[in-house]
There are 2 protein chains.
Amino acid sequence: MQMKTGVEQSVYAILILQMLPDKAVLPGEAISQQLGASSTYFQKLLRKLVSADLITSVPGVKGGFKLKKKPENIRVYDIYLAIEGKQSLYCSSGVLCDMLALEEVDQCCLLTGLMEEAESSWKAVLKRETIATLYEKTKKDYPEKAEMLQAWVQEKKVL
Amino acid sequence: MQMKTGVEQSVYAILILQMLPDKAVLPGEAISQQLGASSTYFQKLLRKLVSADLITSVPGVKGGFKLKKKPENIRVYDIYLAIEGKQSLYCSSGVLCDMLALEEVDQCCLLTGLMEEAESSWKAVLKRETIATLYEKTKKDYPEKAEMLQAWVQEKKVL
DNA sequence: GTACTTTTACTCGGATACCGTCTGTCCGAGTAATTATGG
DNA sequence: CCATAATTACTCGGACAGACGGTATCCGAGTAAAAGTAC
């Protein structure tokens with residue numbers, strides 16, 4: 001039971017895209033290189049982010065990706081949801097139904113309620129942080145590094 | 001990213017063992033049958049619970065398993081920990097280190113702090129419920145079924 | 001110089017392979033109660 | 001009847017096979033800008 005590595009990569013990818021000026025895009029290849037990720041697989045992640053309406057894509061020469069929403073409106077939770085999907089962490093196998101021979105199929109698990117509460121509590125934390133706040137932290141913790149990254153984005157940007 | 005089914009089975013197994021009178025044990029085979037689980041694999045789960053000091057085992061004829069702690073001292077969280085292990089839900093791959101060329105290896109991830117907080121919040125909920133409270137809920141929700149289960153335990157118990 | 005074609009550099013989506021983990025099965029070893037055996 | 005041996009019914013732990021999901025690679029198709037070509 002562990003979160004996919006794709007979530008972390010996606011967060012950083014969006015953090016990079018957030019540095020782009022308006023109307024500019026960044027090719028997926030460039031992002032994957034910067035992240036040191038497998039290029040082809042990383043593009044699959046980007047498409048998930050597109051499906052989730054977090055970023056938009058433009059095909060063709062001078063194409064690439066850019067943010068669809070404002071950084072302050074993209075929560076870590078949204079990225080998590082885009083990559084991991086919406087199925088919950090806990091899924092009862094209905095053992096209790098068989099064991100107690102219960103007719104009522106729904107909610108025949110003693111743990112489901114508790115687990116849903118736990119998951120909500122977990123997700124609530126992920127909903128607090130946004131790309132905007134994450135970027136502020138970056139600038140605060142590593143100001144010169146953030147500058148470097150910004151420069152790299154300016155160099156690689158298209159359009 | 002989904003919890004193992006073994007956690008649910010283990011919770012119900014301990015819920016059954018909790019019904020045993022003192023000094024009595026229940027063979028793993030009987031429990032697995034009641035749960036409708038694969039017998040051989042389920043015994044692996046039981047051994048994990050033994051390692052976690054939640055239950056004790058006695059070998060030999062008339063052997064089996066019984067609780068090691070009192071039901072009110074066994075939290076759902078303890079069972080989760082015994083089965084899933086102690087590694088956290090989120091594990092940074094250190095992408096940010098490479099990307100920003102950071103020397104400081106530890107805590108070079110913008111998400112680790114947030115994720116740890118989220119996980120703590122999640123675990124806190126699992127720590128609230130114990131086998132004792134879970135048993136109370138069962139008796140309250142399905143009083144006659146709990147009675148049936150209790151009768152079955154009396155029939156199957158050893159010693 | 002304009003209209004058209006070709007090339008180029010991207011995204012998109014499916015098919016497929018690899019690998020680690022969870023699930024499940026099997027076997028031999030250890031343990032202790034029960035049963036069988038011999039005196 | 002008592003002591004010892006054999007059987008039985010469990011747990012224990014390792015080795016191993018299968019299923020599944022995440023990761024990764026490759027390919028053809030679509031798209032649009034740029035470059036080339038013809039008149």
Side-chain angles (χ1 to χ4, degrees), chain A residues 1-10 13 17 23-33 35-52 54-66 68 80 82-85 87 89-91 93 95 156-159, chain B residues 1-10 13 17 23-33 35-52 54-66 68 80 82-85 87 89-91 93 95 156-159:
Chain A
M1 188 188 187
Q2 200 146 12
M3 188 177 288
K4 304 179 193 173
T5 66
V7 174
E8 184 183 6
Q9 294 178 334
S10 298
L17 289 178
K23 306 282 179 185
V25 299
L26 212 51
E29 174 69 26
I31 310 177
S32 75
Q33 270 188 350
L35 291 178
S38 142
S39 171
T40 54
Y41 180 62
F42 182 71
Q43 304 246 0
K44 285 191 185 305
L45 297 179
L46 285 175
R47 259 175 280 138
K48 284 191 178 184
L49 298 178
V50 171
S51 297
L54 299 179
I55 66 180
T56 58
S57 63
V58 318
V61 177
K62 297 208 170 186
F65 300 88
K66 65 181 175 185
K68 187 167 189 179
Y80 156 80
I83 302 299
E84 291 274 346
Q87 73 175 351
L89 299 185
Y90 175 79
C91 179
S93 50
V95 179
K156 290 286 186 177
K157 73 170 192 286
V158 179
L159 268 184
Chain B
M1 187 187 190
Q2 201 146 13
M3 188 176 288
K4 304 180 193 172
T5 66
V7 174
E8 182 182 7
Q9 293 177 335
S10 298
L17 288 178
K23 306 284 180 183
V25 299
L26 213 50
E29 175 69 24
I31 310 176
S32 75
Q33 271 187 351
L35 290 178
S38 142
S39 171
T40 54
Y41 180 63
F42 181 71
Q43 304 245 0
K44 285 191 184 303
L45 297 178
L46 285 175
R47 261 175 278 139
K48 283 192 178 183
L49 298 178
V50 171
S51 297
L54 298 180
I55 66 180
T56 58
S57 63
V58 317
V61 177
K62 296 207 172 187
F65 300 87
K66 65 180 176 186
K68 186 167 189 179
Y80 157 79
I83 302 299
E84 291 274 345
Q87 75 174 349
L89 299 185
Y90 176 77
C91 179
S93 51
V95 180
K156 290 287 185 176
K157 74 170 191 285
V158 179
L159 268 183

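The structure displayed is predicted, hence computed values, not measured ones. Within every chain, numbering begins at 1; the chains are lettered A, B, ... in the order of the sequence lines, protein sequences first and strands thereafter.
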Could you give me the CA-CA distance, side-chain angles and deciding distance for B:Y90 and A:E8, then say whether side chain to side chain contact (heavy atoms under 4.5 Å, CB included) is met?
CA-CA 9 Å; B:Y90 176 77; A:E8 184 183 6; 3.2 Å; yes
Please confirm whether the shortest side-chain N or O distance from B:T5 to OP1 or OP2 of C:dT23 is below 4.0 Å.
yes
Return the value, rounded to whole Å, for the distance between atom CD of B:Q2 and atom C1' of C:dT23.
14 Å
Looking at every strand, decide which applies to A:V158 at a 4.0 Å heavy-atom threshold: base, sugar-phosphate, or nothing.
nothing
Rounded to the nearest 0.5 Å, what's the gap from CG on A:L17 to CG on A:L46? Could you check?
7.5 Å
Reckon B:Q43 has a side-chain N or O less than 4.0 Å from the OP1 or OP2 of D:dT11?
yes
Nearest-Å distance for atom pair NZ/P, residues A:K48 and D:dT23
8 Å
Taking five pairs at each end, how big is the angle between the two axes of the helix from C:dG1-D:dC39 to C:dG39-D:dC1, to 10°?
30°
Does the pair A:L35 and A:F42 meet the rule for a side chain to side chain contact (heavy atoms under 4.5 Å, CB included), with working shown?
CA-CA 9 Å; A:L35 291 178; A:F42 182 71; 3.5 Å; yes
In whole angstroms, how far is the P atom of C:dC12 from the CZ atom of A:F42?
13 Å
Could you check if a side-chain atom of B:K62 sits within less than 4.5 angstrom of a side-chain atom of B:V25, using non-hydrogen atoms only?
no
Does A:K44 contact D:dG22 through a side-chain donor or acceptor facing the base, at a distance under 3.5 Å?
no
Considering only side-chain heavy atoms of A:V61, which listed nucleotide, D:dA33, D:dT11, C:dA32, is closest?
D:dA33
From CG of B:L89 over to P of D:dG22, roughly how many Å is that when rounded to an integer?
15 Å
The answer to which of A:S51 and B:T40 contacts DNA chain C further toward the 5' end, by nearest nucleotide, is A:S51
Here's a test of your reading of the structure: between B:I83 and B:K62, which maps to the more 5' nucleotide of DNA chain C?
B:I83
Step-by-step side chain to side chain contact (heavy atoms under 4.5 Å, CB included) determination, B:L49 to B:I83:
CA-CA 7 Å; B:L49 298 178; B:I83 302 299; 4.0 Å; yes
Looking only at side-chain atoms of A:P59, point me to the closest of D:dG30, C:dA32, C:dT23.
D:dG30
Proximity to the side chain of A:F65 - top-ranked nucleotide from C:dC10, D:dT23, C:dC12:
C:dC12
Could you work out which one of C:dC12, D:dA24, D:dA33 sits closest to the side chain of A:S38?
D:dA24
What's the separation between atom CE in A:M1 and atom CD in B:Q2, rounded to the nearest 0.5 Å?
8.0 Å
Residue closer to the 5' end of DNA chain D, B:G64 versus A:L45 (nearest nucleotide)
B:G64
Nucleotide D:dA24, atom P - distance to NZ of A:K4 in whole Å
13 Å
Take the protein atom NZ of B:K157 and the nucleotide atom P of D:dA9, then report the distance between them rounded to whole Å.
20 Å
Do A:S39 and A:Q33 pass the side chain to side chain contact (heavy atoms under 4.5 Å, CB included) test, and can you show the C-alpha distance, the side-chain angles, and the key distance before you say yes or no?
CA-CA 7 Å; A:S39 171; A:Q33 270 188 350; over 6 Å; no
Could you check how far CD of A:Q87 sits from C1' of D:dC20, rounded to whole Å?
12 Å
Given 3.5 Å as the limit, does a donor-acceptor pair link the side chain of A:E84 with the main chain of A:M3, or not?
no
Atom-to-atom span, OH of B:Y41 to C1' of D:dG14 - whole angstrom
15 Å
